[in-house]
Amino acid sequence: MSEFDYDLIIIGAGVGGHGAALHAVKCGLKTAIIEAGDMGGTCVNRGCIPSKALLAASGRVREFKDTHHLKDLGIEVEGVQFDRGTIAAHALDLVSKIQNDLTNSLTRLKVDIIRGWGKVAGKQKVTVATDQGEKTFTAKDIMLCPGSIPFVPPGIEIDGKTVFTSDQAVKLESLPNWIAIIGSGYIGLEFSDVYTALGCEVTMIEALDNLMPGFDPEIAKIAQRVLINPRDIETYTGVFATKVTPGTPVVIELTDAKTKEVIEVLEVDACLVATGRIPATKNLGLESLAVEIDRRGFIPVNDKMQVIRDGEPISHLWAVGDATGKMMLAHAASGQGVVAVENICGRTKEIDYRCIPAAAFTHPEISYVGLTETQAKELGQQEGFTVATAKTYYKGNSKALAEGETEGMAKIIYRKDTGELLGVHIIGIHASDLIQEAANAIAKRESVQNLAFNVHTHPTLSEILDEAYKRAQVVGV
Ligand SMILES: Cc1cc2nc3c(=O)[nH]c(=O)nc-3n(C[C@H](O)[C@H](O)[C@H](O)COP(=O)(O)OP(=O)(O)OC[C@H]3O[C@@H](n4cnc5c(N)ncnc54)[C@H](O)[C@@H]3O)c2cc1C
Ligand SMILES: NC(=O)c1ccc[n+]([C@@H]2O[C@H](COP(=O)([O-])OP(=O)(O)OC[C@H]3O[C@@H](n4cnc5c(N)ncnc54)[C@H](O)[C@@H]3O)[C@@H](O)[C@H]2O)c1
């Protein structure tokens with residue numbers, strides 16, 4: 001008989017907590033998961049799932065509206081009709097299905113689901129504020145997976161109707177004629193894709209000097225040409241939205257990032273605030289173990305996912321997911337969860353962020369894995385190697401030509417001496433699927449010259465990467 005109620009208690013049933021719980025059961029750990037809100041967290045309820053459902057429907061509308069493209073394939077479609085409410089319902093139904101599947105997968109595996117607000121209450125102890133009062137549980141190990149919430153800059157007022165974050169946008173309650181989107185990151189980009197496909201006019205406001213600052217600059221340039229310029233999108237860069245007042249109209253004060261002077265006041269029908277996310281690490285009881293969150297509120301962890309205090313791991317305390325601030329992605333969260341459980345079971349494992357891919361599910365898509373060219377060059381300077389790149393284009397690929405979808409590029413970044421693949425960046429149709437091959441290669445630290453021996457199916461888009469590996473020139477071997 002164990003001295004603890006559980007081997008593992010997980011706080012937060014988002015994808016991080018869920019991934020960890022499934023792996024814990026597989027490893028024979030008696031596991032409980034605590035959730036105060038919706039089972040499945042952000043990804044299932046307010047993130048990946050509903051946004052991809054909206055992108056799927058709006059992407060089809062965009063396709064059917066592209067009469068020139070269809071005509072080239074010999075197809076004529078007259079007048080595309082869509083129903084906003086049904087598109088919104090498709091997203092909502094999918095959320096409900098996946099939420100149920102996720103909850104059932106836990107109950108089937110006999111993971112105890114405890115509903116309420118969980119807090120660390122000292123070493124190997126948690127309390128939960130349930131509907132029946134506070135309960136205390138002990139566990140050999142505790143894993144924190146509280147996730148993140150939208151960041152709303154000061155001066156911006158959210159009313160949830162005319163000024164909102166992605167939490168409300170995924171419900172697609174209206175299609176404003178003119179919507180301002182603040183931020184040109186993942187959420188800004190994906191929602192500009194949805195809104196423009198469904199006929200809304202978009203004004204995109206980005207504080208930094210370039211749109212999509214998180215992406216490789218060459219890819220961002222193509223993205224601007226393909227995803228922004230031909231669409232009903234007006235853009236501001238180097239400009240902060242310093243004051244946003246909800247209402248009819250929504251009033252937005254724009255301030256130059258350098259001069260700090262108000263340069264314009266916009267009046268629009270609605271405003272989506274997509275300015276990043278912050279960790280949900282308040283009221284978690286971290287002080288009971290003297291854990292100090294960092295300046296931005298993230299829980300400090302090492303690559304084994306142990307929580308760090310004064311540079312040293314705290315025994316039996318783990319954290320994964322958005323709250324660790326490493327890579328705010330669903331699959332990164334569950335990958336971290338698996339790593340933590342492996343270490344809990346005594347098998348040393350470290351997370352390898354280099355091989356975790358990311359994708360924006362726009363039409364066409366953008367994806368990447370590993371280092372950017374700048375990061376690779378910095379590493380090269382530190383470690384004494386030269387970096388090279390090779391690029392291939394969708395317009396040279398038979399499958400892309402057959403589809404009539406020739407906008408796009410793949411760029412590979414590698415060590416010129418050993419050929420080790422360091423990073424891959426893709427824009428074009430199915431970029432989110434194509435990146436996985438590169439992620440697997442980087443995980444094994446494979447070289448481009450070996451990757452070039454892999455035979456790819458013809459005619460497929462995968463030949464875009466095949467061609468890039470073959471074009472790469474390695475001098476050291
Ligand atoms: C619009 C949008 C689209 C996205 N699209 C993608 C995508 O396509 N691909 C992708 O990889 N990522 C995407 N993401 C990011 C992804 O949703 C997150 O990276 C992921 O949800 C993080 O998982 P998590 O488990 O760390 O946290 P969360 O999913 O935020 O889950 C944390 C859970 O913990 C609960 N909780 C918090 N504190 C407590 C407490 N003290 N007690 C009890 N319960 C608590 C919360 O209620 C929540 O349910 C998207 C995000 C957004 C907003
Ligand atoms: N497909 C996906 O994987 C996916 C999709 C959506 C969200 N996400 C995750 O959700 C997180 C949040 O997404 P996001 O798009 O909100 O954040 P982001 O960090 O990707 O982009 C935010 C952008 O807003 C800009 N910004 C910040 N404050 C501003 C202001 N006051 N005025 C103008 N611009 C401002 C920033 O410079 C940045 O470019 C991301 O980190 C991402 O990991 C992932």
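Along the sequence shown, residues are numbered consecutively beginning with 1. Whatever order the structure lists ligands and atoms in, that order sets their numbers, starting from 1.
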Heteroatom distance test (L329, ligand 1): nitrogen or oxygen, under 3.5 angstrom: yes
With a 4.0 Å cut-off, would you call D66 and R62 a salt bridge? no
So is there a nitrogen or oxygen of G40 less than 3.5 Å from a nitrogen or oxygen in ligand 1? no
At what distance is the nearest protein heavy atom to atom 34 (O) of ligand 1, and which residue and atom is it? G12 CA, 3.2 Å
D303/K326 ion pair, N-O < 4.0 Å: no
Using heavy-atom distances only, which candidate in P150, A330, G118 approaches atom 42 (N) of ligand 1 most closely? G118
Within-cut-off N or O pair, R277 and ligand 1, under 3.5 Å: no
Enumerate the atoms of ligand 1 whose separation from the nearest heavy atom of I11 is less than 4.0 angstrom. 40 (C), 41 (N), 42 (N)
Check ligand 2 against P153 and write out every atom of the ligand that is under 4.0 Å from a heavy-atom position of the residue. 31 (N)
Hey, could you give me the CD1/CD1 distance between I442 and I435, rounded to the nearest 0.5 Å? 7.5 Å
G321: numbered ligand 1 atoms lying under 4.0 Å from its heavy atoms: 26 (O)
How close does the nearest protein non-hydrogen atom get to atom 8 (O) of ligand 1, and which residue and atom is it? K52 NZ, 2.7 Å
Give the atoms of ligand 2, by number and element, whose distance to some non-hydrogen atom of P213 is under 4.0 Å. 39 (O)
Give the residue, atom name and distance (to 0.1 Å) of the protein heavy atom nearest atom 37 (C) of ligand 1. P146 O, 3.2 Å
Looking only at distance, does F191 have an N or O less than 3.5 Å from an N or O of ligand 1? no
May I ask you to identify the nearest protein heavy atom to atom 39 (C) of ligand 1, giving residue, atom name and distance to one decimal place in Å? W117 CZ3, 3.7 Å
When distances are taken from atom 48 (C) of ligand 1, the protein heavy atom at minimum range is E35 OE1, 3.5 Å
What atoms of ligand 1 come closer than 4.0 angstrom to any heavy atom of G41? 29 (O), 31 (O), 48 (C), 49 (O)
May I ask you to list the atoms of ligand 1 that are less than 4.0 angstrom from any heavy atom of D38? 49 (O)
Would you mind checking which non-hydrogen protein atom is closest to atom 26 (O) of ligand 1, with the distance to 0.1 Å? D322 N, 2.9 Å
Under 4.0 Å between a Lys/Arg side-chain N and an Asp/Glu carboxylate O for R231 and D193? yes
May I ask you to check whether G16 has an N/O atom sitting below 3.5 Å from an N/O atom of ligand 1? yes
Mark up the atoms of ligand 1 that fall under 4.0 Å of a heavy atom belonging to G37, in ascending order. 47 (O)
Determine, considering heavy atoms only, which of K282, M328, R46, M39 sits nearest to atom 15 (C) of ligand 1. M328
Atom 2 (C) of ligand 1: the protein heavy-atom neighbour that sits closest, reported with distance to 0.1 Å: G47 CA, 3.3 Å
To which of E206, M328, H331 does the heavy atom nearest atom 42 (C) of ligand 2 belong? M328
What do you reckon, does S166 have a nitrogen or oxygen under 3.5 Å from a nitrogen or oxygen of ligand 1? no
May I ask you to identify the nearest protein heavy atom to atom 29 (O) of ligand 1, giving residue, atom name and distance to one decimal place in Å? T42 N, 2.9 Å
Between W318 and the options N343, D141, T324, the side-chain hydrogen bond (donor to acceptor under 3.5 Å, both in side chains) test singles out D141
